[in-house]
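Worksheet: the structure to be examined is printed underneath.
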Protein chains: 2
Amino acid sequence: MAQVKSNYQFEDMLQKHNLKKTAPRLRVLSMMYSKNTATSQPDLESVMNDIDRVTLYRILNVFEEKGIIHKVFDLNGTANYAVCHSDCQENHHHDEHLHFNCTACKNVYCLNELNIPKLTLPAGFEPQAFTIYASGLCPKCSKKGTAKVN
Amino acid sequence: MAQVKSNYQFEDMLQKHNLKKTAPRLRVLSMMYSKNTATSQPDLESVMNDIDRVTLYRILNVFEEKGIIHKVFDLNGTANYAVCHSDCQENHHHDEHLHFNCTACKNVYCLNELNIPKLTLPAGFEPQAFTIYASGLCPKCSKKGTAKVN
DNA sequence: ATATAAATGCAACATTATTGTATTTAGAAA
DNA sequence: TTTCTAAATACAATAATGTTGCATTTATAT
């Protein structure tokens, strides 16, 4: 579900992280919070096509550093960005949830509800983080057949 | 463990998939089979720098189509290629194993032994494939601290 | 030995990402 | 409010990665 937040809340978020409240940053925030799926870098660029590409990259980078968003690569290796759900902190992400990549509409869903089961790795491997990727049909596309959603 | 195969076996592999036995293809095969980790696209390019970049892309693509290798993106979104372990067939990969990305040496290990536990997704999601990524220290690097391995 | 389909090499181009610097602007201070 | 300054944005240039079309070469079937 897309989180509904006011512009005031986005301004607060920026302030909390010692980031200046600028128009480009507020627009990126409000776009990403309005969706329940991750946003691909190409999509971001085309929607925000009046903002300089480099500015976009830098905004995404600081947001990621600050733990506001996280980056996830889809099946094609394309970067997707999604808001972090709960307890991400600066340089310390907790995005160990399942990422679902729909093969029809290409959307990437962050399924935060799902916990990743404990896994025992072969001797010597010292895992620090896990992510699971699943691909298949999302609810909208499994209903509609393979019709394009969005 | 790197699989030891002779050039004859690589030629057989190509023949079995109706691919011509060419020098570039044999070199790519023997390189990938000599390693127990995936090979990044940049690494491949620099090792095979006398082979045309486009040829390399095309070789990797057919090998992937034929189920000889599979592609996996590492933490930075870089493409990595690894030999498929057992029952991959043309256009039907079974690479549902765990990919371990070492944060020190950057190597990507395919841990085929490990089975991925069954997961139940929220209603409506129809998963067709899973991959788990883990990151942390691989056996070599956890021993050596953060020293560069290879 | 030769014919030919397939593979490679090369050139051009598209997309994605990075770096440096000048200009603009948010927010602090006067 | 006005002024100052560090931070953010815009712009230019470049690097890295991936794709397409076509001429040339080569593996292999005849």
[X] has an atom [atom1]; how far is it from atom [atom2] of [N], in whole Å?
X: A:His17; N: D:dA7; atom1: NE2; atom2: P; answer: 17 Å
X: A:Asn49; N: D:dA10; atom1: CG; atom2: C1'; answer: 15 Å
X: A:Tyr57; N: C:dT19; atom1: OH; atom2: C1'; answer: 13 Å
X: A:Ile59; N: C:dT25; atom1: CD1; atom2: C1'; answer: 14 Å
X: B:Leu60; N: D:dT19; atom1: CG; atom2: C1'; answer: 14 Å
X: B:Glu11; N: D:dA27; atom1: CD; atom2: C1'; answer: 12 Å
X: A:Leu19; N: C:dG27; atom1: CG; atom2: P; answer: 10 Å

### Message
On a heavy-atom basis, which atom in B:Met48 and which in B:Arg27 lie closest, and how many Å separate them?
### Response
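Heavy atoms of B:Met48 and B:Arg27 come nearest at CE-O, 3.4 Å.
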### Task
Give a yes or no on whether a donor-acceptor pair under 3.5 Å exists between the nucleobase atoms of C:dG9, that is its base, and the side chain of B:Arg53.
no
### Query
Quick one: on DNA chain D, does B:Gln15 or A:Asp50 contact a more 5' nucleotide (nearest heavy atom)?
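The residue closer to the strand's 5' end, by nearest nucleotide, is A:Asp50.
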### Query
At under 4.0 Å between heavy atoms, what does B:Thr22 touch on the DNA or RNA strands: base, sugar-phosphate, or nothing?
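Result for B:Thr22 = sugar-phosphate.
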### Message
Any base atoms under 4.0 Å from B:Glu45, or only sugar-phosphate, or nothing? Heavy atoms, all strands.
### Response
nothing
### Query
Mind checking whether B:Tyr133 and B:His99 have parallel, tilted or perpendicular rings, split at 30° and 60°?
tilted
### Message
Is there a continuous path of hydrophobic side-chain contacts, each under 4.5 Å between heavy atoms, that joins A:Tyr57 to A:Leu14?
### Response
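Different clusters: A:Tyr57 never reaches A:Leu14 through Ile, Leu, Val, Met, Phe, Trp or Tyr contacts under 4.5 Å.
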### Query
Hey, is B:Asp52 close enough to B:Arg58 for a salt bridge, meaning N to O under 4.0 Å?
no
### Message
In this structure, is the centre-to-centre distance between the rings of A:Phe63 and A:Tyr81 below 6.0 Å?
### Response
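Ring centres of A:Phe63 and A:Tyr81 not closer than 6.0 Å.
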### Task
Assign each of B:Arg58 and B:Lys20 to its nearest nucleotide of DNA chain C by heavy atoms, then name whichever residue's nucleotide is nearer the 5' end.
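The residue mapped nearer the 5' terminus is B:Lys20.
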Could you work out which one of [options] sits closest to the side chain of [X]?
X: A:Val54; options: D:dA27, D:dC11, D:dG18; value: D:dC11
X: A:Pro42; options: C:dT8, C:dT16, D:dG18; value: C:dT16
X: A:Lys21; options: C:dA7, C:dG9, C:dG27; value: C:dG27

